[in-house]
Amino acid sequence: MKLIKTLGVVAILSAISLNAADSNSIKHFGFSAIFGVASETILHKNYQQFDDIEKISYATAIASLPGLAKELSDDKFSNEDMVFNVLGALSGAVFSNYLNNNTSIFIAHKRQDNSSQIKLAYKF
């Protein structure tokens with residue numbers, strides 16, 4: 001059920017961005033989503049004392065800062081662009097939190113075979 005809710009939220013937020021009036025809003029959403037994924041991953045790995053809601057909230061706030069800085073440096077502040085910055089950061093943080101809670105990546109090296117393996121584990 002958690003997977004369905006998470007994918008539903010990501011799908012709704014993505015659909016909102018695709019219905020934007022121009023490609024500029026999609027760029028704001030996309031870059032902020034990348035920052036959201038990165039921020040939540042860093043928080044997830046380094047701050048285990050936070051619960052999932054706190055990690056997503058802090059990651060959204062952190063990931064929205066580059067968009068805010070860009071809007072403040074523009075000639076005219078765009079509320080629409082800022083909304084897409086926040087929505088992108090939120091969807092990236094939610095997606096990253098889901099992946100970080102349910103997947104693990106392992107790297108194994110066998111010296112005798114001179115080989116390495118990358119293993120992905122998913123929690124069902």
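Bear in mind the structure is a predicted one, so any value in this text is a computation, not a measurement.
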S.K.: Looking at every non-hydrogen atom in both residues, tell me the closest pair between E40 and S96 and how far apart they are.
M.R.: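 Looking at all heavy atoms of both residues, the shortest contact is OE1-OG, 2.9 Å.
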S.K.: Where is the tightest heavy-atom contact between A89 and S64, given as atom of each residue plus distance?
M.R.: CB-OG, 3.6 Å
S.K.: Is there a path of hydrophobic side-chain contacts, each under 4.5 Å between heavy atoms of I, L, V, M, F, W or Y residues, that connects F95 with Y122?
M.R.: yes
S.K.: Judged by modelled atom types alone, do E80 and S25 share a side-chain donor-acceptor pair under 3.5 Å?
M.R.: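 Per modelled atom types, E80 and S25 side chains form a pair under 3.5 Å.
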S.K.: side-chain contact (heavy atoms from CB on, under 4.5 Å), that's the test. Do H28 and M82 meet it? Break it down for me.
M.R.: CA-CA 8 Å; H28 282 272; M82 199 58 215; over 6 Å; no
S.K.: Considering all heavy atoms of both residues, which atom of G92 and which atom of V37 are nearest to each other, and what is their separation?
M.R.: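 Minimum heavy-atom separation between G92 and V37: O-CG2, 3.4 Å.
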S.K.: Quick check against the 3.5 Å criterion: does K123 have a side-chain atom that pairs as donor or acceptor with the backbone of N101?
M.R.: yes
S.K.: Under 3.5 Å, is there a donor on one side chain and an acceptor on the other for D81 and N85?
M.R.: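 Their side chains do not contain a donor-acceptor pair, so the 3.5 Å distance test is not met.
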S.K.: Should I118 and L120 be counted in the same cluster of Ile, Leu, Val, Met, Phe, Trp and Tyr side chains packed under 4.5 Å apart?
M.R.: yes
S.K.: Who are the salt bridge (Lys or Arg N to Asp or Glu O under 4.0 Å) partners of D51, not counting sequence neighbours?
M.R.: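 Once residues adjacent in sequence are excluded, D51 has no partner under the salt bridge (Lys or Arg N to Asp or Glu O under 4.0 Å) criterion.
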S.K.: Is any side-chain heavy atom of S91 less than 4.5 Å from a side-chain heavy atom of L87?
M.R.: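 The answer is no, as the side chains (C-beta and beyond) never meet within the 4.5 Å cut-off.
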S.K.: Are Y98 and I105 connected into the same hydrophobic cluster when the rule is that any two of I, L, V, M, F, W, Y join if their side-chain heavy atoms are below 4.5 Å apart?
M.R.: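 Unlinked, I105 and Y98 end up in two clusters.
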S.K.: If I compare all heavy atoms of A121 with all of F106, which pair ends up nearest, and what's the gap?
M.R.: CB-CE1, 3.8 Å
S.K.: Under a 4.5 Å side-chain heavy-atom rule over Ile, Leu, Val, Met, Phe, Trp and Tyr, are Y58 and Y47 clustered together?
M.R.: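 Yes, Y58 connects to Y47 through the hydrophobic network.
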S.K.: Nearest 0.5 Å please: distance from the CG atom of N100 over to the CD1 atom of I42.
M.R.: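 Between atom CG of N100 and atom CD1 of I42 there are 11.0 Å.
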S.K.: Kindly compute the distance separating NZ (K55) from OG1 (T41), expressed to the nearest 0.5 Å.
M.R.: 10.5 Å
S.K.: With side-chain contact (heavy atoms from CB on, under 4.5 Å) as the criterion, how do L68 and F77 come out once you've worked through the C-alpha distance, each side chain's angles and the decisive distance to 0.1 Å?
M.R.: CA-CA 9 Å; L68 177 63; F77 189 89; 4.0 Å; yes
S.K.: Closer than 3.5 angstrom, by distance alone: can the side chain of S32 be matched with the main-chain N or O of F29 as a donor-acceptor pair?
M.R.: no
S.K.: Drop me the distance from I56's CD1 to F50's CZ, to the nearest 0.5 angstrom.
M.R.: 13.5 Å
S.K.: Give me the atom names and distance for the closest heavy-atom approach of E71 to K76.
M.R.: OE1-O, 4.2 Å
S.K.: Can you name the residues that form a side chain to side chain donor-acceptor pair (under 3.5 Å) with S116, not counting sequence neighbours?
M.R.: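 Checked S116 against side chain to side chain donor-acceptor pair (under 3.5 Å); matches are H109.
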